[in-house]
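Every heavy atom of this structure was used, including side-chain atoms; hydrogens, water molecules and symmetry mates were not. Since we're looking at a predicted model, the values are computed, not measured. Throughout, a chain's letter reflects where its sequence line sits, starting with A, and its residues are numbered from 1.
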Amino acid sequence: MDAMSKTIRVRIAPSPTGSVHLGLCRTALFNWAYARRFGGQFVLRIEDTDHDRNTQVSEQAILAALDWLGLDYDEGPGKGGPFAPYRQSERVARHLEMAQALLASGHAYRDFSTPEALDAWRAEQEARKQRVAYRGSDRDLDPEVSRRRAEAGEPFATRFRIPAGETRFEDLIRGQVTIPHEEIDDWVMVRRGGEAPTYNFVVVCDDLDMQITHVFRGEEHLVNTPKQLLVYAACGKPEPAFAHLPLMLGTDRKKLSKRTGDTSLPDYQAKGYPKEAIFNFLALQGWSLDGETDVFDRAKFVEHFDIRDVSKAGAVFDPAKFLWMAGEYLRRETVEELAQHVAPFAIEAQLMTAEAIEARRPWFLRVVASVQDRMSLYSDFPAWVAHFFQPDDAIVYDEKAEKGARKREGRAEILLAFAEALEAGRLGHTAADMAGATKAWLEDRGAKLADLFQPLRLALTGMGGGPDLFETIELLSTPSSLARIRAGAARLA
RNA sequence: GGCCCCGUCGUCUAGUCAGGCCUAGGACACCAGGUUUUCAUCCUGGCGACAGGGGUUCAAAUCCCCUCGGGGUCACCA
């Protein structure tokens with residue numbers, strides 16, 4: 001009832017380790033959409049309780065990724081909010097305080113056993129092949145004794161006392177889930193030494209303090225939920241609603257990992273996937289608009305998204321469909337937009353400098369427009385236009401294309417004749433004029449179109465396919481075209 | 001292995017909660033045509049699934065049970 005009447009508050013709580021995984025992006029996407037759809041708040045909290053693995057770079061990468069995808073959060077590190085701080089490492093005092101309270105109420109206990117003893121116990125379990133949930137030997141220690149040993153300086157870990165019974169909860173995606181308590185360890189809330197609380201504990205403390213109403217996260221957290229639910233109960237606090245998203249799978253049907261391909265957002269940014277395509281594709285991993293429409297913008301997504309519509313089964317990540325989606329968005333861009341997106345790739349490939357692009361902007365736009373239908377990714381651009389920057393007498397010929405061109409009888413002669421006609425201006429000067437005039441010219445000579453066009457394309461661009469040839473001639477300029485054609489005639493003779 | 005979750009075309013999915021409108025729809029991929037000076041775009045068509053077996057019912061992809069298959073998880077990681 002509480003959760004219904006309060007405004008919706010969702011969060012993502014990534015740990016800043018490694019690169020930004022697509023799974024995190026998708027979880028963020030769904031949380032964000034839910035908040036936006038129902039007028040709630042989307043919170044970012046950095047889960048940096050594992051000091052050994054956290055990195056500052058990684059935290060920055062998460063912030064940058066959300067920003068790039070346009071998933072604006074209402075509260076979070078660097079942005080602040082009514083429940084600051086939003087970095088868990090900065091909230092430890094509060095976590096310890098809550099741990100203290102659970103110790104006092106008997107929901108938790110001090111475990112003085114050594115890590116070595118635990119290892120031995122686990123080894124024994126392993127040997128007997130019958131894994132039983134851990135129940136610390138100090139679980140039933142007299143509270144007074146326990147307190148005194150702690151005061152005497154004996155190190156201990158704080159464990160949660162799992163009661164008998166089972167936990168049953170309603171997952172918004174999966175329906176009712178039941179897990180018997182015999183399966184759950186008396187897990188560690190605060191590590192030995194007393195200053196380092198663990199994830200399963202702090203996540204509840206923080207969600208509680210930040211008044212989170214809905215927890216949407218990956219399915220790998222499903223079996224952890226009872227542990228957390230038990231903490232809510234122990235604190236006497238209402239629990240949020242839970243929904244566990246289906247995993248994103250690799251082609252091996254296992255949790256998406258680097259083994260089967262790129263998994264991080266920066267990988268796809270670097271390859272030149274349009275961001276709206278990434279957004280759209282991620283939205284399709286476990287959710288669909290109406291079963292008919294695959295391409296939709298973020299407004300549409302927000303307008304229709306509901307966590308209840310998310311599917312239960314894991315989604316195999318399909319690179320081919322992702323590529324198609326990329327092309328779909330790339331082709332919808334205006335030439336100006338596309339030029340802007342593609343320019344960095346041209347620069348990186350050392351085809352042009354930023355200054356050169358600026359200086360020849362009208363030309364550059366025409367070039368971009370000419371290959372728009374031929375690209376799926378921004379990174380496809382350099383390969384299509386590289387020939388423009390090669391010396392006229394040393395165009396790099398594609399092997400297959402050259403083989404094809406060499407099959408044409410009289411290739412050198414026709415190229416030379418065409419060059420002459422072109423130079424004399426007998427074919428006109430605009431692409432449209434030249435196309436018509438050239439066809440007439442070919443007919444007069446009794447030649448087939450392919451007799452000229454195949455060798456011509458090779459001479460001009462070195463490629464087997466590409467934009468309209470007369471457009472290419474214009475873009476190249478007549479002198480340069482002539483040089484290439486004559487060089488081609490010589491090379492193909 | 002225990003426990004938990006899941007199971008519709010190769011892949012993403014609609015349909016499952018409220019059984020009939022499903023001879024199961026869409027998309028990607030693939031194949032075949034068409035358009036085109038080529039490549040691509042674009043257009044048309046094709047291939048292709050209810051994991052299996054039992055029930056319940058006049059009727060099941062939809063409800064129940066079992067089997068099989070896949071995944072997740074079993075830390076003083078998150």
How would you list, by chain and number, every residue that makes a salt bridge (charged side-chain N to carboxylate O under 4.0 Å, His left out) with D297(A), sequence neighbours excluded?
none
Determine whether Y134(A) and W187(A) satisfy the following criterion, ring-ring contact (aromatic ring centres under 6.0 Å, His included), listing intermediate values before the conclusion.
CA-CA 8 Å; Y134(A) 180 85; W187(A) 50 279; over 10 Å; no
W384(A) has its side chain closest, among C76(B), C39(B), C12(B), to C39(B)
Pairwise C1' distance for U67(B) and C28(B), with rounding to whole Å:
33 Å
Only pairs at least two apart or in different chains count here, so list each side chain to side chain donor-acceptor pair (under 3.5 Å) that has a residue in residues 430-442 of chain A.
T430(A)-D433(A)
Listed in order of residue number, which residues of residues 218-226 of chain A have a non-hydrogen atom at under 4.0 Å from RNA chain B?
E219(A), E220(A), H221(A), L222(A), V223(A), N224(A)
Can you find a donor-acceptor pair, distance only, under 3.5 Å between R374(A) side chain and C39(B) base?
yes
Give me the residues of residues 113-121 of chain A where at least one heavy atom lies under 4.0 Å from an atom of RNA chain B, by number, or none.
S113(A), L118(A)
Is the closest basic N to carboxylate O distance between R406(A) and E402(A) below 4.0 Å?
yes
Between protein and nucleotides 23-29 of chain B, what N or O pairs are separated by less than 3.5 Å?
unit_1, atom_1, unit_2, atom_2, d
G25(B), O2', E292(A), OE2, 3.4
G25(B), N2, G291(A), O, 2.6
G26(B), O2', E292(A), O, 2.8
A27(B), O4', D294(A), OD2, 2.8
A27(B), O2', D294(A), OD2, 2.8
A27(B), N3, K321(A), NZ, 3.2
C28(B), O2', K321(A), N, 3.3

Which is more 5' along RNA chain B, the nucleotide nearest S288(A) or the one nearest Q454(A)? Just name the residue.
S288(A)
Can we call the ring centroids of Y329(A) and Y273(A) under 6.0 Å apart?
no
Centroid-centroid distance, F112(A) to F156(A), less than 6.0 Å
yes
Name all pairs fulfilling the salt bridge (Lys or Arg N to Asp or Glu O under 4.0 Å) condition that reach into residues 196-208 of chain A, sequence neighbours left out, sorted by first residue then second.
R11(A)-D207(A), R45(A)-D206(A), R45(A)-D207(A), R91(A)-D206(A)
For G193(A) and for P246(A), find the nucleotide of RNA chain B with the closest heavy atom, then tell me which residue's nucleotide is more 5'.
P246(A)
